[in-house]
Structures are given as C-alpha cells and as structure tokens.
Amino acid sequence: MSDMLSIQPLTPEEFAPFGEVISARPETMRLINGGTTERFHALFSPEVTGEGARVIVNIFRGQPRAFPYQVGMMERHPFGSQSFSPLSGRPFLVAVSPDEDGRPGRPQVFLARPDQGVNYRRNVWHHPLMAIGEISDFLVVDRDGPGNNLEEFFFDTPFVILEPHL
Ligand SMILES: NC(=O)N[C@@H](O)C(=O)O
Ligand code: NI
C-alpha cells in the first residue's frame with residue numbers, strides 16, 4: 001500500500017520551519033517612485049556560504065509532473081538557500097521535510113498559488129521543482145561557487161502524491 005501524502009495550502013506560518021513564502025504581503029509594502037509603485041520590501045534574504053560563493057539568479061523551465069507522482073527522494077543544498085518564484089502564472093507543488101539525524105523525515109506537501117513563491121533556507125530538505133499541468137517557468141535565486149552544493153537522499157519506499165485539485 002503506497003504512503004499517500006496530502007496536499008495543504010501554502011501559508012507563511014506552516015512553511016516557516018523551512019523558509020519563507022514569497023508574496024506581496026501588505027505588511028512589507030512601502031510606496032516608492034512618487035507613489036506609483038508598491039515595493040514589497042525584503043521578503044527574504046538569500047544565503048550563500050563558502051569561499052568564492054555568490055548569489056545567482058536563474059530561470060528554471062519545469063516540465064509538468066505526471067500524477068500519481070512518486071516522491072522517491074529529497075535533496076538539500078548545504079551551502080546556500082534556493083528560491084522559486086512562478087513566472088508563468090501557474091501553481092506548483094512544494095515538498096519539504098524536517099531533518100531527522102541527517103535524513104529527511106516524512107515530506108509535507110504544499111500547493112503554491114501562482115502569486116506565491118518559496119525560499120528554501122540553506123540545508124532544508126526539499127523535492128526538486130514540481131510544476132503542474134503545463135511547462136512552467138520559475139525565477140530561481142540560489143548559489144553558485146565551489147564545493148558540492150547538492151545532497152540527495154533516496155527513500156526505501158517512495159511516497160505518493162495524487163493529482164491536486166486546482
Ligand atoms: N538541481 C537544481 O538546480 N534544482 C534543484 O535544486 C531543485 O530544487 O529544483
Ligand atoms: Ni533544490
């Protein structure tokens with residue numbers, strides 16, 4: 001019997017142990033440019049560590065995942081944070097796990113709205129990008145530099161995500 005993972009709405013509170021939700025939060029807004037622009041200020045701070053590390057901005061073009069989807073692995077980036085912000089106006093799935101003695105615990109799955117992004121704090125277990133329904137672009141802010149910034153863990157038995165109801 002497969003171990004199904006439920007999908008919950010993405011909220012800053014529920015995601016707080018893993019990082020930040022990137023969204024136009026009213027409490028961060030300040031008017032600039034003579035009142036013509038709303039600046040949602042300092043939503044998160046990218047973190048990079050290690051000699052020669054730098055923050056980079058990328059675009060990831062994700063193929064949609066097929067469902068039921070098997071979550072067979074999680075990964076983490078020990079030397080830097082990683083954020084995903086939708087560019088295609090589509091929702092996407094986010095899966096994160098607490099660290100349990102160097103291994104990921106049971107994944108928690110969130111449905112991110114098209115106006116929400118996420119920042120995974122450095123060394124937080126997460127599943128690679130999961131686009132839904134159509135090819136989707138994401139602006140990704142993460143780390144470039146020396147060293148291996150990718151640690152992967154493969155579960156003995158995969159978890160399963162059923163098709164989300166959008
Ligand atoms: N490998 C890579 O750059 N992407 C992953 O880190 C991911 O979280 O999608
Ligand atoms: Ni990653």
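Counting convention: from 1, in listed order, for ligands and their atoms alike.
Ligand 1 has Phe84 within reach: a non-hydrogen atom of the residue lies less than 4.0 Å from it.
Protein N/O/S atoms found under 2.8 Å from the Ni ion (ligand 2): Glu75 OE2, His77 NE2, Gln82 OE1, His126 NE2.
The shortest distance between side-chain heavy atoms of Ile161 and Val71 falls below 4.5 Å. Proximity of Arg121 to Asn123: side-chain heavy atoms (C-beta onward) are nowhere separated by under 4.5 Å. The side-chain heavy atoms of Leu166 and Leu111, taken from C-beta on, include a pair separated by under 4.5 Å. Side-chain contact check for Phe79 versus Val48: every heavy-atom pair is 4.5 Å or farther apart.
Here the heavy atom of the protein found nearest to atom 9 (O) of ligand 1 is Leu129 N, 3.1 Å.
The two atoms that bring Pro86 and Phe92 nearest to each other are CG-CE2, 3.4 Å, heavy atoms only. Between Leu93 and Val109 the shortest heavy-atom distance is CD2-CG1, 4.2 Å.
The option from Gln82, Arg143, His77 that lies nearest to atom 8 (O) of ligand 1, judged by heavy atoms, is Gln82. Looking at Phe138, Phe60, Tyr120, it is Phe60 that brings a heavy atom closest to atom 4 (N) of ligand 1.
Of all the atoms in ligand 1, the ones that sit under 4.0 Å from a non-hydrogen atom of His126 are 8 (O). For ligand 1, the atoms closer than 4.0 angstrom to any heavy atom of Glu75 are 5 (C), 6 (O), 7 (C), 8 (O). Every atom of ligand 1 with a heavy atom of Pro128 under 4.0 Å away is listed here by number and element: 7 (C), 8 (O), 9 (O).
By the 30° and 60° cut-offs, the orientation of the rings of Phe67 relative to Tyr69 is perpendicular.
Taking hydrophobic clusters as Ile, Leu, Val, Met, Phe, Trp and Tyr residues chained together by side-chain heavy-atom distances below 4.5 Å, Phe18 does not share a cluster with Ile22.
For atom 1 (N) of ligand 1, no protein non-hydrogen atom is found at a distance below 4.0 Å.
Counted by atom type alone, Glu151 and His77 present zero donor-acceptor pairs between their side chains at under 3.5 Å. For the residue pair His127 and Glu75, no side-chain donor N or O sits within less than 3.5 Å of a side-chain acceptor on the partner.
Remark: ligand 1 and His127 share no N or O pair separated by less than 3.5 Å (distance only, no angle test).
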